[in-house]
Amino acid sequence: MPKKKQPAVRAVARAVRPTVASQPFLDAQLAPTAKGVRPPAAAGLPLEIRGSAKALGAKARRFHGAKFSLAYFPPGLWKPAHKRCGNWFGYLSPALLRRRTRLLPNPQNQALLDELGALMGDLGRETPPDSTIPAGFTYAGQFIDHDITLDVSSSLDTPANANDIPNMRTPALDLDNVYGRGPALDPFLYDFPPPSSPTPTAIRMALGRNLPSGAGGPTGPANNPGAMQQQTDWDVPRVDNADHTAVIGDPRNDENLIVAQLQHAMLRFHNAVVDHLVATGFAGDIFLEAKRLAVQHYQWAVVHDFLGRICGTAAVNAAMAGVSAGVGSSFRMPVEFAVGAYRFGHSMIRDRYWLNFNFPGASLGEVFAFNRVPNLPVRSNWVVDFNAFFETGNPIVVFNRARPIDSVLAAGLESLPGLAGMLAVLAQRNLRRGLMLGLPSGQGMAKLFGVPKLTEAQLTSGLPANEVAVLQKHGKRLLKKTPLWYYVLREARVLGGGNRLGPVGGRIVAETFVRILKRDGDSYLNTGTPFTPSLPSAAPGQFTFADLVNFAGVTAP
C-alpha cells in the first residue's frame, strides 16, 4: 500500500507549477523538499518582528522603532567572524616566486602584451567546433564573479600591489548581488506583502516590467513560435528615468541582455522558494528561510554543476579534501584567481546566440544593444529562452554551446560598447591588468603546484603564424614567462580539449571557491549535518542551474 501524502506535501504539489513536461514534481521529489525546510525555533513569530515586517512595506514605510532579526542584514555588519576578515585582494603565490617568474611592467612588455591581445580576437578565428559546455555557464560564471569580486581601483598603466586593493564585494557566495543589504536597508529591491497579509515575512524580490513589443521568451514543451507570449514582468526592476537604470544588487548584472535576464531568473528563484514555503504552511520567518534555501542550493549548483564542468570532478574533490579553512579564517581574494584563471570565461563567449524564435542568430553587439536605451525596459519580444542555454529537459530547435576555453576570443570582444582604444579590447585589458599587478607566470604556478609545465610546442600548438611570432619575440619571452591568463587558456585547449581547465587553472579556481565556502559559517558546507538539496530537481538529491531556472519558472511561457 502506498503511503498517504502528508498535508504539507499536498499543499506544495498544488502550489508549484511544473515547468518541464517530462519532469513532473512528483511526491518523491516534494517529500524531501518539505523535509529540507528548517523548522522555526518556536511556533510563530514574535509580535515585534511581525509588526516590523509589515512596517517595511510601501504604504507604512516606518523604520524607526522597528525590530528585525540580525539575519536580515549582511553578516559583515554584525557577525564577528565576518568583521575580522576584511574584503581585500591579495596573492596566492609567494612573493619570491612572483619576482622570479613575472614579466616586468616596462613599456616593451606592455607593447608586447598589447600586440598579443589584439590578435586573440581576430575576425575569423572563432571556428567550429564548440565546446561541450552549455552556453548558459558562460553567463552563470559572470553572475558568480559579480557575487564575489569587484575591483574598482587598480590601474591598467600603473603597477600596483594587490594587497592594497579593496574587494568591493563580499568574499562569499551569499547572493548579495541579488539581496543587496537586505529588505530593511534596501527595501527598494523587494516586494512586500500587503499589511493585511497573514504571512508578513513572505518578502519577495521585486520584478520589472517589459516594453511591449510582441511575443518572446520560452515556448516550454510546445517548442514552436506560437507558444511564445508577450511577457509583461520578465525584466529586472528599473528606475523610471531616461536611462531606465536597473535597481539590482550589482550594476554589472545589467551589462548585457543575457546576464540581465539571468539576474531576473535569480529574483524569480527566490520568489519561487517563498511561494514554496507559504504552500507548506511554514510558521517561521519566511524570508530568512527562503534566502537560506536559495543561497545554499545556489552554492551546491556552483560546486557540483558549474565547477564540476569547468574544473572537472577530480579537481573539485581534491580541493574539498585538501583545502583547510576554518569559519571566519583569514582570506584575501587571490588575483591569480580574479585576474588570471577565472577569466577563462571570456573565451567562452560566442559571437552569435539563439536567444528565442524571434532572434535565432543575435550578434554579440545586439546582445549588448538590446539591453540599452531605446530598448529598455527589456522588450517583450527579446526575452531570453533559457532552454537554449541550460539542459532543462525542454526540446529546443537550436541549443547554444559555449566556445572552447582557449586563447581565441569572439571578435565582438575587440570593440566593447561605450569604450575606445585599449579599453575596448578585452584581451588587451586582461593581459595589461595581470602585468600591472605582478602576477606570476603560468610556468611559475605550475612549479608551485608541482605539475608539469606546458612545453613551447604545446603553447604554440594550432596557433596562427602571427601569434606564434609574437610569442617568440625578444628571445621567446612570452614562452618562458607566459602571462597566467593566457597560460590557463592554452592549458585548457591543449590538455582539456577546450572543455575544461587544466591542472593549473582548475586548481586555482576550485580551491578558491572551496576556501570561500569553508570559511563561510552560513554555507552549505557548514550546516552541521551533510547538506542534501531538497528543492525539486531532475535528479533527487541533486540541484543544477537547469533545475534552478526550471524551478524559477523562466523556462515556460
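Values reported hereafter were calculated over all heavy atoms of this structure, with side chains retained and with hydrogens, waters and symmetry mates removed.
- Taking the charged nitrogens against the carboxylate oxygens, Glu414 and Arg125 have no contact shorter than 4.0 Å, which rules out a salt bridge.
- A salt bridge between Glu511 and Lys518 is absent, with no side-chain N of the basic residue lying under 4.0 Å from a carboxylate O of the acidic one.
- Taking the side chain as every heavy atom from C-beta outward, Ile248 and Asn177 never approach each other to under 4.5 Å.
- With a 4.5 Å cut-off on side-chain heavy atoms, Asp385 and Trp354 count as touching.
- Using a 4.5 Å cut-off on side-chain heavy atoms (C-beta onward), Met205 and Tyr190 make contact.
- Here Asp243 does not pair with Arg238 in a salt bridge; the nearest charged N to carboxylate O distance is not below 4.0 Å.
- Of the charged side-chain nitrogens involved, none lies within less than 4.0 Å of a carboxylate oxygen, so that Lys291 and Asp522 do not count as a salt-bridged pair.
- Asp254 places no side-chain N or O within 3.5 Å of a backbone atom of Ala260 that could act as its donor or acceptor partner.
- Across every non-hydrogen atom of Val339 and Trp485, the tightest pair is O-CB, 4.3 Å.
- Ion pairing between a basic and an acidic side chain is recognised when a charged N comes within 4.0 Å of a carboxylate O; Arg403 and Asp130 show such pairing.
- The shortest side-chain heavy-atom distance between Arg350 and Leu364 does not fall under the 4.5 Å cut-off.
- His146 meets the side-chain hydrogen bond (donor to acceptor under 3.5 Å, both in side chains) test with Asn253; sequence neighbours excluded.
- Screening Arg379, Gln231, Gln230 for a side chain to side chain donor-acceptor pair (under 3.5 Å) with Ser213, the sole residue that qualifies is Arg379.
- No more than 12 heavy atoms of other residues, nucleotides or ligands sit less than 6.0 Å from atom CZ of Arg500.
- For Phe344, the ring pair (Phe, Tyr, Trp, His ring centres under 6.0 Å) test picks out Tyr342, with sequence neighbours left out.
- If you look at Phe543 and Phe551, their ring centroids are not closer than 6.0 Å.
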